[in-house]
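A short write-up of the structure that comes next.
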Amino acid sequence: MTDSKPDYRSTLNLPDTAFPMRGDLPKREPGWIAQWERDGVYQRLRAARAERPKFILHDGPPYANGQIHMGHAVNKVLKDMITKSRQLAGFDALYIPGWDCHGLPIENAIEKKYGRNLSRDDMQAKSRAYAAEQIAQQMADFKRLGILGDWDHPYRTMDPANEAGEIRAFKRVIERGFVYRGLKPVHWCFDCHSSLAEFEIEYADKKSQTLDVGFLCAEPAKLAAAFGLPALDQDAYAVIWTTTAWTLPANQALNLNPELDYCLVDTARGMLLLAAARVQDCLQRYGLEGRVAATTKGKSLAGINFHHPLAAVDPGYDRLSPVYLADYATADDGTGIVHSSPAYGLDDFNSCLAHGMRIEDILNPVQGDGMYAADLPLFGGMQIWKAAPVITDALRRAGRLFATRDILHSYPHCWRHKTPVIYRAAAQWFIRMDEGEGVFTKDKAPKTLRQMALDAIDHTGFYPENGRARLRDMIANRPDWCISRQRAWGVPLPFFLHKDTGELHPRTMDILDQAASLVEQGGIEAWSRVTAEDILGPGDAPHYIKSSDILEVWFDSGSTFFHVLRGTHPEAHHETGPEADLYLEGHDQHRGWFHSSLLLACALEGRAPYKSLLTHGFTVDSQGRKMSKSLGNGVDPLETSKKLGAEIIRLWVASSDYSGDIAGDDKILARVVDSYRRVRNTLRFLLANVADFDPASQAVPLEQMLEIDRWALARTAEFQASVLQHYEAYEFHPVVAKLLIFCSEDLGGFYLDVLKDRLYTTPARSLARRSAQTALWHLTHAMLRWIAPFLSFTAEEAWAHFAPQRAAETGTLFVETYHPVPVPADAEPLLAKWSRLRAIRDEVNRAVEAVRAEGRLGSSLQAWVKLTAPADDLALLSSLGDELKFAFITSRVQLQAGTELAVQVDPAAATKCERCWHWETDVGADPANPGICARCVSNLQGPGETRRHA
């Protein structure tokens with residue numbers, strides 16, 4: 001009978017942790033979310049940061065309609081990562097989620113379900129219930145993504161306190177002199193039955209018919225004189241070019257540029273008035289030969305009258321169109337003459353008013369639903385787009401159509417309905433951008449709103465910086481802001497207008513206060529129910545009409561800083577000033593929420609409501625196409641959470657450069673899963689090797705730690721400084737990229753690889769092992785905080801394994817702050833030294849791999865290395881003494897001087913130790929331990945080996 005072979009594996013300090021290799025994220029994440037809610041983690045965060053400086057990221061409210069998509073996920077995860085990284089930096093980083101609840105999309109949803117004939121009260125009640133349902137669903141979906149926030153106390157623009165706050169903000173804008181009422185062309189959507197703000201317009205291609213139309217001169221003698229001719233020997237026509245045939249029935253003038261040259265061209269179809277620069281193109285388009293009879297400047301033609309082109313078809317068009325001078329008439333295209341329908345173009349409107357036309361004389365036959373008024377000659381009751389070919393035929397029959405063709409051109413569309421919009425004159429309420437008088441002004445702002453907004457942009461930080469020019473251009477060029485809408489579901493404009501004069505009631509400012517109080521108690525429904533008599537009394541009520549307009553939805557969200565950050569959520573009141581630290585949305589919000597918030601904050605307070613703006617791109621597929629249902633190329637965040645885990649979505653967002661569009665599909669997410677495994681495996685190694693380590697009694701003082709462990713702390717501190725610098729600038733993808741390299745190269749490919757021998761083979765309580773564990777303990781502390789903003793579930797899970805007592809006390813890693821990594825006094829030379837050693841190690845590894853490829857070698861530990869090195873490298877290598885072999889993970893390294901670095905690798909002429917797997921000549925020297933080397937004998941039964949370097 002022989003003795004069984006010793007089990008040396010049982011003598012090793014093998015890593016041990018209950019932290020599983022597999023994340024099993026889809027199954028386990030909901031449990032962590034439930035635990036966060038059960039433990040009141042968000043409230044614990046606030047308690048942990050009481051009296052600390054605040055960081056306020058004000059949530060741009062998503063619209064309470066529909067299931068969340070990947071764009072929502074990107075937006076919310078970015079916000080969450082920022083607030084968590086600021087929380088870990090020691091700030092009281094609040095996140096109060098919000099929702100935009102009023103407005104047309106919800107009304108549309110209700111009308112689709114219940115029809116268009118609902119009473120105002122019914123529409124409001126059903127809209128409120130619908131919005132509440134949508135918010136509940138979206139809230140659950142956002143929580144599933146691991147977003148920490150004050151979900152118990154969100155803000156909703158339909159909350160009575162917020163609705164009342166909006167009315168009070170509106171009153172203040174009036175007091176500052178910015179609000180006026182006017183008839184003015186505004187973007188109008190026939191599907192919305194309402195005016196639209198600039199923010200609600202997007203441009204898309206539209207097929208239109210171009211028309212060249214002749215206006216017969218009504219004063220030929222004046223026209224001849226203007227050209228220096230004695231008389232005209234045939235009819236003369238001013239020819240216009242337009243892409244909007246539907247505007248021609250409302251034509252009231254012609255616009256010519258005063259400084260352009262215009263010609264009278266003699267043709268077979270009469271004398272044609274055209275811009276000199278356009279004569280040849282026009283004649284070719286009309287299929288005519290012509291001779292220029294005379295030329296003059298546009299300013300010579302001012303005031304000459306021409307007949308409407310349909311005057312001979314129907315007496316209803318027997319009116320004159322005078323020539324007005326306007327700079328916006330150019331010779332870039334068309335004929336150089338612009339026909340003017342002042343109800344349907346802002347330039348036309350301004351030009352006609354400037355030339356003395358009265359507002360009440362402006363023709364406006366297009367109704368809010370896109371139909372011509374019934375009494376319009378020839379086209380009454382027709383839909384304007386369908387009327388266009390009918391108008392063309394009428395002009396052709398009248399002999400006034402010179403040319404027509406189809407073109408595809410960029411045209412404004414409603415961003416909700418994707419349908420073409422028009423400019424249409426309507427009595428609306430506006431916020432004035434430039435100089436002018438408002439109603440009930442009592443505290444006039446010192447500058448125009450445009451000036452204040454442009455100044456505020458100069459004092460705002462932008463991430464990325466190119467957002468500054470984009471927002472500046474939009475503010476610099478935008479018209480006055482039309483803030484009234486003709487709908488039911490929204491915050492009322494609590495006005496009473498005199499039936500005869502249209503003037504506001506003299507007690508309007510008090511009425512606004514009264515309305516705010518009513519709404520605060522009973523929501524907007526309370527205002528809807530009151531009558532003129534309730535508010536004005538029986539004396540005034542018969543003379544006034546209660547306005548049924550609402551404030552447009554951008555006023556709702558744009559004013560939230562005023563009543564959320566100043567009122568309804570006291571915890572969000574910022575001690576360093578009235579602005580939020582950050583607004584964060586997609587780059588389309590330069591024309592949306594960023595824009596409206598800026599204008600309202602400047603109108604109210606003369607400053608921006610934010611210190612910085614951060615914009616992110618849209619979600620696209622791997623081919624760069626925007627994710628959409630119609631293309632079927634979207635990635636559903638909820639399905640992805642069920643399949644891969646929300647953690648993978650979070651890591652994908654963190655890995656992406658959000659300053660551009662963010663690409664995602666199954667292949668991209670699969671690569672993210674690989675990255676996640678790399679980080680998780682690194683964490684697992686760290687946790688497994690500090691499982692038996694008590695820092696209170698076993699930590700090694702910094703000056704007594706081994707050299708490579710001190711290097712590891714220096715490298716960790718250097719890496720952490722880089723991470724925190726990126727977090728300070730709201731940058732995540734560089735952190736993820738660097739972290740993956742840190743895990744694979746600094747740790748897995750070097751430090752942890754080198755450590756294994758020391759961790760596993762030296763005595764459990766030895767200085768050598770405890771030094772390594774001390775470094776790993778600090779590294780784990782630091783790394784859990786680095787990853788926590790984006791790998792929140794994994795960080796929380798690992799934290800519970802790493803610091804179970806602390807985790808049980810606080811309930812979350814997020815009450816902690818970034819770990820203060822101890823930095824050796826000689827950090828710089830250490831980093832430089834080990835950087836060079838690693839470079840040499842790479843050369844050795846390459847040489848070892850070459851011999852392995854020849855089949856002469858198994859693992860690198862079977863290698864004996866001869867290393868020739870120049871003096872500087874030789875001194876560096878020699879400083880590690882015999883421990884150099886541990887750094888290179890070989891069994892022997894022999895050094896010799898030379899002029900260049902050279903590596904010779906030979907299979908070890910020795911025996912493999914059964915315990916440490918090094919190939920040593922002293923294996924079996926101890927008869928009691930025939931299978932192991934002298935070093936292992938000492939580590940097992942003697943004083944143990946001494947390590948200083950590696």
Side-chain angles (χ1 to χ4, degrees), residues 118-124 163-164 166-186 188 193-195 343 353 357-364 367-368 373 375 424-432 436-444 480-552 555:
L118 295 175
S119 69
R120 196 176 188 88
D121 286 350
D122 207 9
M123 172 60 80
Q124 290 175 345
E163 291 173 334
E166 188 174 334
I167 293 172
R168 294 183 179 115
F170 179 54
K171 179 189 176 188
R172 179 68 181 140
V173 177
I174 294 172
E175 288 175 343
R176 298 270 283 164
F178 295 114
V179 176
Y180 72 95
R181 185 171 188 248
L183 180 78
K184 196 172 185 178
V186 292
W188 189 276
H193 294 271
S194 181
S195 58
L353 290 190
M357 187 179 293
R358 299 183 307 168
I359 282 180
E360 53 267 34
D361 292 335
I362 289 175
L363 300 176
N364 190 9
Q367 308 303 291
D375 60 355
R424 176 175 178 266
Q428 302 284 355
W429 291 95
F430 294 88
I431 288 179
R432 190 186 301 281
E437 285 305 314
V439 293
F440 294 103
T441 304
K442 75 169 192 178
D443 180 22
K444 186 170 171 61
D480 290 352
W481 178 7
C482 176
I483 55 169
S484 51
R485 294 291 182 272
Q486 293 67 52
R487 305 297 297 186
W489 176 232
V491 174
L493 282 154
F495 289 156
F496 291 91
L497 300 164
H498 196 279
K499 290 180 178 177
D500 296 330
T501 66
E503 297 294 321
L504 287 173
H505 193 279
R507 215 165 46 76
T508 290
M509 301 307 273
D510 293 334
I511 293 169
L512 285 165
D513 290 334
Q514 195 174 350
S517 297
L518 278 168
V519 168
E520 193 158 25
Q521 296 304 311
I524 60 170
E525 294 87 341
W527 178 257
S528 290
R529 287 190 292 266
V530 300
T531 64
E533 190 162 310
D534 293 333
I535 301 296
L536 305 181
D540 279 354
H543 305 292
Y544 284 87
I545 298 170
K546 182 186 176 189
S547 170
S548 59
D549 286 355
I550 62 168
L551 283 162
E552 69 129 346
F555 198 106

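Because only heavy atoms are used, hydrogens play no part in the values below, and waters and symmetry mates are left out as well, while side chains stay in.
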Quick one: do R507 and D540 make a salt bridge, cutoff under 4.0 Å?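 Salt bridge absent between R507 and D540.
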Over all heavy atoms of both residues, which pair between [X] and [Y] is shortest? Give the atoms and the distance, please.
X	Y	result
L353	M357	CD2-O, 3.3 Å
E163	G523	OE1-CA, 3.3 Å
M123	A488	CG-CB, 4.0 Å
A515	P494	CB-CB, 3.6 Å
L183	A425	CD1-C, 3.9 Å
I524	G490	CD1-O, 3.2 Å

Does the side chain of [X] reach to within under 4.5 Å of the side chain of [Y], using non-hydrogen atoms?
X	Y	value
K546	L536	no
I550	W489	no
D121	R529	yes
L518	D534	no
F440	V179	no
R181	V439	no
M509	L512	yes

Answer yes or no: is there a donor N or O on one side and an acceptor on the other, between the side chain of [X] and the main chain of [Y], under 3.5 Å?
X	Y	result
K184	C482	no
R432	E437	yes
R120	S548	yes
D549	S484	no

Could you tell me the separation between the CD atom of Q428 and the CH2 atom of W188, rounded to the nearest 0.5 Å?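 If I round to the nearest 0.5 Å, the distance is 5.5 Å.
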With rounding to the nearest 0.5 angstrom, report the OG to CZ distance, S517 to R168.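 It comes to 5.5 Å.
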Just wondering, more than 12 heavy atoms not from K442 lying within 6.0 Å of its NZ?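 Count not over threshold, so no.
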Of I511, I174, L497, which meets side chain to side chain contact (heavy atoms under 4.5 Å, CB included) against L504?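 Testing L504 for a side chain to side chain contact (heavy atoms under 4.5 Å, CB included) against I511, I174, L497 leaves exactly one candidate, L497.
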Would you please classify the geometry between the [Y] ring and the [X] ring as parallel, tilted or perpendicular, with 30° and 60° separating the classes?
X	Y	answer
H498	H543	parallel
F496	W527	perpendicular
F555	W481	tilted

